[in-house]
Each structure stands twice: as structure tokens, then as C-alpha cells.
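Reviewing the structure listed below.
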Number of protein chains: 2
Amino acid sequence: MNPSKTDRRVRYTKKLLSDALVSLLQHQHISSISVKELCELADINRSTFYTHYRDPADLLSQIEAEVYENMRRHVEKQVLKEGALPVSQQMLTSILEYAKENVELFKALLSENCDFAFQKDILELSEIISSRNNFEVDTKVKAYLRTFSIAGCVSLFQEWLKDGAVESPESIAGMTLRFMQKGVAGFLYD
Amino acid sequence: MNPSKTDRRVRYTKKLLSDALVSLLQHQHISSISVKELCELADINRSTFYTHYRDPADLLSQIEAEVYENMRRHVEKQVLKEGALPVSQQMLTSILEYAKENVELFKALLSENCDFAFQKDILELSEIISSRNNFEVDTKVKAYLRTFSIAGCVSLFQEWLKDGAVESPESIAGMTLRFMQKGVAGFLYD
DNA sequence: TATTATAATGGACACTGTGTTGGATTGCAA
DNA sequence: TTGCAATCCAACACAGTGTCCATTATAATA
């Protein structure tokens, strides 16, 4: 299908490099990862790396784009099912299930070791989802609220993943929505 | 007072290097900042840098420690004044005023270009402040709530600073507390 | 002010990672 | 089987690193 991936060798090489990068990102920031160590871990020749990517950040952005695309499809499917405008329990659960199936990957992409492009994508995605939520208010305050909520969400997910994603996606989704909608209040009286 | 700072030359050198680092941190991640470019910007000899710091991250952690100490004192003074346990409007306002007086510095320390040590310090500080808030509940949920709230806070502050800190510290403090306490609800009906 | 201690400078060193090249080798696809 | 593209491998000049040491400049203080 994808012309750049017809050759099995290419696919294999890219997979090895991606896996190696995700693995390194568990402990190091993207800008401190050298091409050399990445290639050694992936057991790929350094020259080969350069035939596919400009540098590790380039590889990262391609991984991000791919995962984002998967998430967008996930969300779209969910929207079709429910026609949901505000973020629903089901929507969030579905996303978290996908994350749980790819723990290491999501841990890496959401962590401080990445360039936050992924988090910015999520912010964008959330704007698309709730864009029709147009109660007319000061847009600046609205922007602050969105920033507050999404950052809170993402950090909560991070912690969940870091601790091994033991709780069910459902319960995390429910908790997150309560925090978003009611803050501390939603925590106390429930 | 501080024996390591008796010599004026040392103080001056350290100041130049700190300023240069904060300036570079506006646009680059700490782990991508080279000693060379840092010294060129500060107009300090590279050898001199090494007599004071191990690497740029070392310098950063010293800056962080100093700012954190200032913040801790700030908070303590406020606690004495009010004996406040939950974070109060005054407490937050006071912190934000301090941040506004040092915009570039706080932008750098809170940004994605730092190692998050500072944000972790803030999390710790918040735990100290609200430690006596011991309504007995599932501590895991409580931990998630704290993560959610602090991350939201920090991101909101980041955005405020990035846009030039035009709003008053009071209004930002008020908004933040409403978000924390009531979430979206606190935004809608007010 | 003159003296002394020490901080900063500037140049040199070996070392490591970078990005590129050209040629040899491997293995996919048709 | 053959042709072609992907991978490997060795070598290259170049950048930044961290550590010297001799020299210069300047702060502290007698």
C-alpha cells in the first residue's frame, strides 16, 4: 500500500529504530539521545539511519504523527457511534484502552522526555471534540480553562501509565471527568 | 555571608552565566545547550565555566534551588500571616506577584525546556501547604487529584507568563482557585 | 598604595559524536 | 535468475567536550 514501505527490509529497519527510540525515551530526553547509541541499541548501521531520518527528533515526529492518526481515527469512530460533543465517558475510556495496549509508547510520548508535540496534538484534538460547546463567554478565560483541564488530564494519565496502568480505563476516565467537571468538589461529595 | 560568594568576580561571573542560561532556555531544551554557546553568550571563558559548574544542567539545578528557596520563604511568610491550610487567594497571589517580577526566569523554569525539577518542587510545596487537609479518603484518588490540580495550575501559569502576564496576579489566582475547586462548573455559573 | 592571593583568560590536548561519502555485500521483488 | 535497492562498513573532516597549564587581570587587605 504505502509505497515507502513495500520493501520488507525498510519496514524492519524502521521498526527496530522506532522500538529502540521508544525504549531510550523511557529514561532520556529526545535531545540528549545520540544517533550512535540509538543505532547500537537497534543494531542498525549508522549510515542506514541517515538514509531514513534526519536525526532522532525526526524519527520521533514520525512516530508521533502515526500514533496521532490512530487516535484521531479512534475518536472519529467513537463520535460516529454517539455523536458526542462534550467528551464522554465512553470516548475517554476508548482512548485510555488504546493507551493501555501500548503502555511504553504512550509513556514515552506523554513524558517530559518528548518535545510535547504529542500533547499539543491532544490539545488540538480536544478543541475539535468540544468545538461546538459554544456557550458564549470570555474566550480568554475559556482558553485558560482548556489549558488547565488538558494539562491536568495528561498528567493524570501519565501517572496512571507510569504506575503500570493498574486501574481500569473506565475508572480512570470517570475520575478524570469528575475532576474536570467539578474539581475538588467532585472528589469530596460523591 | 555565603563564603563562596565573597569574591565580587565570582558573583559577577555566575550572574552572567545564569542570565545567559535563562535566556537560552527560552528557546532550547537544557540538554541541547552546549557549554560553548552558553559561554559565548555570557562572554565568559569556557575554562571558567568548568571551575564553577559540571555542565549546564548543574547550573540550572543551582538556579532552581535558589528560586525554590525564595518561594518557600515567600509561602512561609504568608502562612505566618494567615495560618492558612488550604491554598488561599492571598497565598497564590503573592506567589504570582513574585513570578511576574521575574517573568523570564519563571518562563524558563516552568517551561518544557527544563528538567521539571522545579515543577516537582512545586508539587512538594503544595503537599506541605495542604498536608493538614486530611479528610480521610482513598489516598490513591487523592494523589491523582493533586497531580491533576497542580499540573493544571502550572500550565495555566505558563500560559499567563508566555502571553506577557497581562492579567493581574489577583485575577489569575482567583480563576485558578475556581478551576481547582469547581472545575468547569466554577467557570459556568459564576 | 603596594602586595598578595586567586579568578579569569587563552591556547593546546586527546577524545567522542556528527554527517557524509564511496565501495562492498546482502537480499527483495519480479 | 537477474537487477536493483537496501544495508553494511571504513574513512573523512568537523564540532563540542573536559582537562591541562602558563599568563594576565583584579579583588581583598596590610
Side-chain angles (χ1 to χ4, degrees), chain A residues 1-63 65-66 108 113-115, chain B residues 1-66 108 113-115 117:
Chain A
M1 21 159 62
N2 191 331
S4 75
K5 287 205 174 179
T6 43
D7 197 318
R8 233 161 65 188
R9 288 172 296 181
V10 176
R11 260 178 297 156
Y12 188 56
T13 298
K14 289 192 169 185
K15 171 113 179 52
L16 287 177
L17 286 170
S18 294
D19 289 352
L21 185 63
V22 169
S23 165
L24 288 176
L25 281 171
Q26 307 295 320
H27 303 293
Q28 304 176 48
H29 189 268
I30 178 65
S31 71
S32 78
I33 293 175
S34 73
V35 177
K36 187 175 189 249
E37 68 180 327
L38 177 60
C39 289
E40 273 170 5
L41 182 58
D43 197 23
I44 291 293
N45 196 276
R46 210 157 55 83
S47 324
T48 306
F49 174 87
Y50 285 109
T51 65
H52 296 297
Y53 308 104
R54 214 177 49 257
D55 50 42
D58 182 31
L59 167 54
L60 172 59
S61 76
Q62 293 195 28
I63 295 174
E66 194 188 321
N113 291 330
C114 283
D115 51 11
Chain B
M1 20 159 65
N2 191 330
S4 75
K5 287 206 175 178
T6 43
D7 197 316
R8 232 157 69 188
R9 290 172 294 183
V10 176
R11 261 177 297 156
Y12 187 56
T13 299
K14 289 192 168 183
K15 170 116 178 51
L16 288 177
L17 286 170
S18 294
D19 289 353
L21 185 62
V22 168
S23 166
L24 288 175
L25 282 171
Q26 307 295 319
H27 303 292
Q28 305 176 47
H29 189 270
I30 178 64
S31 71
S32 79
I33 293 175
S34 74
V35 176
K36 188 176 188 249
E37 68 180 327
L38 176 60
C39 289
E40 271 170 7
L41 182 58
D43 198 25
I44 292 293
N45 196 278
R46 209 158 54 83
S47 319
T48 307
F49 174 87
Y50 285 109
T51 64
H52 296 297
Y53 309 103
R54 212 177 52 257
D55 51 41
D58 182 31
L59 167 55
L60 172 59
S61 75
Q62 293 194 28
I63 295 174
E64 279 167 349
E66 193 188 322
N113 291 330
C114 283
D115 50 12

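Side chains are part of it too, since the values below use all heavy atoms of this structure and drop only hydrogens, waters and symmetry mates. Please read these numbers as outputs of a predicted model, since none were measured by experiment.
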Quick one: [X] [atom1] to [N] [atom2], roughly how many Å, whole number?
X     : N      : atom1 : atom2 : value
A/Y53 : C/dG19 : OH    : P     : 16 Å
A/Y12 : C/dT26 : OH    : P     : 17 Å
B/D7  : D/dA27 : CG    : C1'   : 5 Å
A/R9  : D/dC8  : CZ    : C1'   : 12 Å
A/R46 : D/dA6  : CZ    : C1'   : 18 Å
B/R11 : C/dT6  : CZ    : P     : 17 Å
A/L17 : D/dA6  : CG    : P     : 15 Å
A/H52 : D/dC8  : NE2   : C1'   : 12 Å

Candidates C/dT9, D/dC8, D/dA28 - which lies nearest the side chain of B/R8: D/dA28
Minimum-distance nucleotide to B/K36 side chain [options: D/dT17, C/dG10, D/dC8]: D/dT17
Heavy-atom pair of closest approach, residues B/S23 and B/L41: OG-CD2, 4.0 Å
Considering all heavy atoms, the nearest B/L17-B/L38 contact: O-CD1, 3.9 Å
Presence of B/T48 side-chain N/O under 4.0 Å of C/dT9 phosphate oxygens OP1/OP2: yes
Base paired to C/dC15 (Watson-Crick or G-U; both N/O distances under 3.5 angstrom): D/dG16
Close side-chain approach of A/I33 to A/L25, heavy-atom, < 4.5 Å: yes
Donor-acceptor contact present, side-chain B/Q26 to main-chain B/V22, <3.5 Å: yes
Sugar-phosphate, base or nothing in reach of B/S34, heavy atoms under 4.0 Å: sugar-phosphate
Base orientation of D/dA15, syn vs anti, 90° cut from 0: syn
Approximate separation, where rounding is to 0.5 Å, of B/I44 CD1 and B/K15 NZ: 12.0 Å
Contact nearer the 5' end of DNA chain C, comparing A/S47 with B/S47: B/S47
